[in-house]
Amino acid sequence: MTLLDDLELYYDTVPRTGGARAEDLGPLTLFVQEGAGWPYYARPARGAAPATGTGPGPEVTVADVARVRARQRELGVPEAFEWVAENTPSLRAAAEGAGLHVHAHPLMVLDRDAVRSPAHPEVRILGADDPLLRAAVTVPMLAFAAPGTARGEVGPVELAAAAADPAAAARQAHVAGRIDAGQTGIAAAVRDGVVLCSGQYNPVGTTAEVAGVGTLPAARRQGLAQGVTAALVADALAAGAFTVFLSAGDEDVARMYGRIGFRRVGTALIAEPPQEETA
């Protein structure tokens, strides 16, 4: 298997271990979360007949994507598709033809020979019973609501309000269970008792994805995301991971990850309805 094959297997496996059921819809598989946890996506079906002359993934048509979108609407789940561009090149045109917006993210893998970053003094790994866990699982939601790396207004006050929402307690319980089961690791940058940045890694076998690294907009441009990522990498390696990978938000973020030992190996694609459809 190639490295991209390994990542394809990971993407197919992690929802199955995260409480989702799989619905096979032709050349695509829709993962539907059951119970607490994050909503999942549709992606190319493993084992489907590969397209001739392209990547190892199946040939996907506009009709295939439309069929899955209809099922997602029926279930009331996000109309989201995620895949590796190099493995299933036909899916991009099919998704765009079905009316979805496709955005690309650098897919990066840790160079195991790279020099490791020194530990950040404000960053630590959180346990399942850590009192800051609820804030840590809330920070990325606020961060991703204001994408980019520019400083913003959202800070500790907004975090306290968001963490008081009952939905935050449910997310905390879900993540705590995954930490106890060895399915997730969480790191956070903490200053004066406030979580300013956090992220996680999710291992499957000897492969781990670093995901959801986000900084409160008011605390950006202080190197916190780099420190959190470095802590997640160190913890994942110590826990037995051989391959550690991530998808960068954009090229600027990819350059930051490059400074801590990640190299680009491909492109992760995400397809969603245009903003006006979800407004």
Side-chain angles (χ1 to χ4, degrees), residues 1-15 38 40-41 43-44 55-57 80-89 91-92 102-120 123 125 139-140 143-144 147-149 184-189 197-215 220-221 223-272:
M1 292 177 68
T2 67
L3 176 58
L4 291 182
D5 289 335
D6 288 340
L7 300 188
E8 196 75 45
L9 177 60
Y10 176 93
Y11 283 129
D12 184 80
T13 303
V14 74
W38 299 279
Y40 284 109
Y41 40 70
R43 60 172 296 98
F81 295 72
E82 298 186 14
W83 71 101
V84 177
E86 291 78 5
N87 284 351
T88 313
L91 183 47
R92 179 164 197 162
V102 178
H103 38 109
H105 301 273
L107 184 59
M108 308 182 76
V109 169
L110 180 72
D111 181 351
R112 292 180 59 86
D113 295 326
V115 176
R116 301 285 174 257
S117 298
H120 192 291
V123 176
I125 299 296
V139 163
F144 299 145
T149 60
T184 293
I186 300 279
C197 176
S198 63
Q200 64 182 271
Y201 72 89
N202 301 297
V204 174
T206 59
T207 301
E209 180 183 23
V210 172
V213 177
T215 305
R220 286 173 176 163
R221 296 189 177 275
L224 299 179
Q226 183 170 326
V228 165
T229 303
L232 292 169
V233 166
D235 200 59
L237 293 174
F242 182 82
T243 300
V244 181
F245 77 101
L246 54 78
S247 298
D250 55 35
E251 296 295 341
D252 288 338
V253 176
R255 281 190 285 274
M256 180 273 289
Y257 287 133
R259 291 195 290 272
I260 57 175
F262 284 86
R263 59 182 175 85
R264 186 167 185 167
V265 296
T267 302
L269 296 179
I270 299 174
E272 300 169 314

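Model, not experiment: these values are computed from the prediction.
In this structure, Thr13 and Thr207 have side chains that are not in contact, with every pair of non-hydrogen atoms separated by 4.5 Å or more. Two residues are said to be in side-chain contact when any heavy atoms from C-beta on lie closer than 4.5 Å; Val213 and Leu232 meet this criterion. Between Asn87 and Leu7 there is no side-chain heavy-atom pair separated by less than 4.5 Å. Contact annotation: the side chain of Glu82 never approaches that of Tyr40 to less than 4.5 Å [non-hydrogen atoms, C-beta and beyond]. Within the 4.5 Å cutoff, no side-chain heavy atoms of Leu269 are placed close to those of Leu91. No side-chain heavy atom of Tyr201 sits under 4.5 Å from any side-chain heavy atom of Leu237. At least one side-chain heavy atom of Pro15 sits under 4.5 Å from a side-chain heavy atom of Tyr41.
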query = Which is it for Phe262 and Val233 under the side-chain contact (heavy atoms from CB on, under 4.5 Å) test, yes or no, and what are the steps along the way?
reply = CA-CA 10 Å; Phe262 284 86; Val233 166; 3.7 Å; yes
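With rounding to the nearest 0.5 angstrom, the CE atom of Met256 is 13.0 Å from the CD atom of Glu251. Note: Leu3 CG to Glu86 CD = 11.0 Å, rounded to the nearest 0.5 Å. Atom CZ of residue Arg43 and atom CD1 of residue Ile270 lie 11.0 Å apart, to the nearest 0.5 angstrom. A distance of 10.5 Å separates CZ in Phe242 from CG in Leu110, rounded to the nearest 0.5 Å.
Closest approach of His120 and Gly223 over heavy atoms only: CD2-O, 4.1 Å. Of all heavy-atom pairs between Leu4 and Val265, the closest is CD2-O, 4.1 Å. Taking every heavy atom of both residues into account, Val102 and Ala271 meet most closely at CG2-CB, 3.9 Å. Contact detail for Ala143 and Thr215: the closest heavy-atom pair is CB-O, 3.3 Å. Tyr257 approaches Ala248 most closely through the heavy-atom pair CD1-CB, 3.9 Å. Between Asp250 and Val253, the closest heavy-atom pair is OD1-N, 2.8 Å.
Counting only distance, with no hydrogens or angles, the side chain of Arg220 and the backbone of Thr149 share no donor-acceptor pair below 3.5 Å.
No option in Val228, Ile186, Val210 other than Ile186 meets the side chain to side chain contact (heavy atoms under 4.5 Å, CB included) test with Gln200.
More than 12 heavy atoms of other residues, nucleotides or ligands sit less than 6.0 Å from atom CZ of Phe144.
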